[in-house]
Amino acid sequence: MLEELKMAVYEANMELPKRNLITFTWGNVSGFDKDKGLFVIKPSGVEYDLLSPDDMVVMDLDGNKAEGKYKPSSDTPTHLELYKKYPYLGGVVHTHSKEATAWAQAGMDISCYGTTHADYFYGPIPCARALTTEEIQGEYEKNTGLVIIETFEGRNINPLYTPGVLCTNHGVFTWGKDAHEAVHNAVVVEEVAYMATRSRIINPAVVPAPQNIQDKHFFRKHGENAYYGQN
């Protein structure tokens, strides 16, 4: 079942240690087949060097395991809520990458200080609020997804223009048109988090880049008038 998607999700998961985005098993990637209403995700707690494509777990949008010998990632309910709310997403990534997670632990958005950030994210990378005691003690992973959605809906943020979020005291989620693009965006979040930290150290009074340069860099790569790259 979904053999091509399993391979793609496996390969995307293997990019996480390769790109220094995870330590041990602190991360996961999923990929969504919208037509079938199924997604594939890494199994919970299995070492990366022991994984194979056949180990990937197939889930439906009701949270039922459709195929797989292992339990799915403990973060599966978070991925599920994002796919249910935004069915145009094709892949979701979760990491505890160092630089971006430092911002999450500080409970701060990553402001757009330059064009590297603006090439990929329109405006700040938001930091979702902390979960309440009831949310943590209840369906914690599901509620993490709901708080991410609350953040985007409450701030009127387009998930396609801002393909990532920080979760206070936790870590990072990113997404994209497929699992590969979701990992690419996770790499970008980590890089711009590092740049933002260094910028604030060098100049504690630094302010976000002017909106005109943010707009220019984002919309030359995104939207109907984009002209960056090849046709």
Side-chain angles (χ1 to χ4, degrees), residues 29-30 32 34 75 77-97 99-132 135 141-179 181-193 195-197 199-200 206-226 228:
V29 183
S30 68
F32 181 44
K34 179 181 177 181
D75 295 301
T78 308
H79 292 240
L80 188 156
E81 292 303 320
L82 293 174
Y83 289 134
K84 283 168 58 178
K85 180 65 178 180
Y86 307 116
Y88 47 80
L89 301 183
V92 174
V93 173
H94 174 50
T95 79
H96 292 210
S97 59
E99 297 290 336
T101 298
W103 284 79
Q105 291 183 170
M108 294 179 63
D109 294 0
I110 303 175
S111 295
C112 180
Y113 294 121
T115 62
T116 308
H117 181 134
D119 280 338
Y120 290 89
F121 293 85
Y122 191 54
I125 299 168
C127 187
R129 67 168 173 81
L131 273 67
T132 66
E135 288 168 334
E141 293 83 4
K142 175 180 179 177
N143 289 329
T144 297
L146 293 177
V147 167
I148 292 171
I149 293 166
E150 172 193 296
T151 300
F152 277 72
E153 298 300 300
R155 298 200 205 180
N156 196 29
I157 301 172
N158 183 343
L160 293 178
Y161 281 9
T162 306
V165 66
L166 310 178
C167 293
T168 296
N169 307 128
H170 187 176
V172 187
F173 283 87
T174 59
W175 45 81
K177 65 183 179 183
D178 54 29
E181 185 176 84
V183 173
H184 187 98
N185 288 332
V187 174
V188 174
V189 170
E190 183 67 359
E191 290 298 313
V192 300
M195 293 177 188
T197 300
S199 297
R200 290 170 67 98
V206 66
V207 297
Q211 194 62 49
N212 56 6
I213 194 70
Q214 291 191 43
D215 288 351
K216 180 64 176 180
H217 270 260
F218 185 82
F219 289 109
R220 72 176 187 163
K221 294 185 74 172
H222 307 272
E224 61 182 16
N225 296 317
Y228 177 90

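Quick caveat: nothing in here was measured; it's all calculated off a predicted structure. Throughout, numbering of the chain's residues begins at 1 and tracks the sequence.
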Return the minimal non-hydrogen interatomic distance between Ala209 and Gly114, and the atom names on each side.
-> CB-N, 4.1 Å
Atom pair OG1/NE2 of Thr174 and His184 - distance to nearest 0.5 Å = 10.5 Å
Residues Ala179 and Ser30: closest non-hydrogen pair is CB-O, 3.8 Å
Can you tell if the side chain of Thr116 reaches within under 4.5 Å of the side chain of Glu191, non-hydrogen atoms only?
-> no
Pairing residues for Thr95 by the side chain to side chain donor-acceptor pair (under 3.5 Å) criterion, not counting sequence neighbours | Ser97
Can you tell which of His217, Lys221, His222 makes a side-chain hydrogen bond (donor to acceptor under 3.5 Å, both in side chains) with Asp119?
-> His217
Closest non-hydrogen atom pair, Ile157 against Pro159 | O-CD, 3.3 Å
Are Ile148 and Thr151 close enough, and set up right, to give a side chain to side chain contact (heavy atoms under 4.5 Å, CB included), and what steps lead you there?
-> CA-CA 5 Å; Ile148 292 171; Thr151 300; 5.6 Å; no
When you look at Val192 and Tyr113, which way does the side chain to side chain contact (heavy atoms under 4.5 Å, CB included) test go after all the steps?
-> CA-CA 9 Å; Val192 300; Tyr113 294 121; over 6 Å; no
Trp175 and Thr162: which non-hydrogen atoms are nearest, and at how many Å?
-> CZ2-O, 3.5 Å
Decide if the gap between the ring center of Phe219 and the ring center of Tyr161 is smaller than 6.0 angstrom.
-> yes
Measuring from Gln214:CD to Ser111:OG, what's the distance to the nearest 0.5 Å?
-> 9.0 Å
Test side chain to side chain contact (heavy atoms under 4.5 Å, CB included) on Glu141 and Leu80 and set out the steps.
-> CA-CA 10 Å; Glu141 293 83 4; Leu80 188 156; over 6 Å; no
Gap separating the CZ atom of Phe121 from the CG atom of Asn185, nearest 0.5 angstrom = 5.0 Å
Looking only at heavy atoms, the pair that brings Asp109 and Cys127 closest together is OD1-N, 2.7 Å
How many angstroms lie between CE in Met195 and CD1 in Ile110, if you round to the nearest 0.5 Å?
-> 11.5 Å
Parallel, tilted or perpendicular: which fits the ring planes of Tyr83 and His79, with parallel below 30° and perpendicular above 60°?
-> tilted
Worked check of side chain to side chain contact (heavy atoms under 4.5 Å, CB included) between Asn158 and Tyr122 = CA-CA 9 Å; Asn158 183 343; Tyr122 191 54; over 6 Å; no
Review item, side-chain donor-acceptor pairs of residues 164-172, under 3.5 Å, at least two apart:
residue	atom	partner	partner atom	Å
Thr168	OG1	Ala128	O	2.5
His170	NE2	His94	NE2	3.2

How far does CZ of Phe218 sit from CD1 of Ile213, to the nearest 0.5 angstrom?
-> 14.5 Å
Looking only at heavy atoms, the pair that brings Pro77 and Lys142 closest together is CB-N, 3.6 Å
Polar side-chain atom of Glu181 near backbone of Lys177 as donor-acceptor pair, under 3.5 Å | yes
Spacing of CZ belonging to Phe32 relative to CG belonging to Asp178, to within rounding of 0.5 Å = 13.5 Å
Hey, is NZ on Lys34 packed in by over 12 heavy atoms from elsewhere, all under 6.0 Å?
-> no
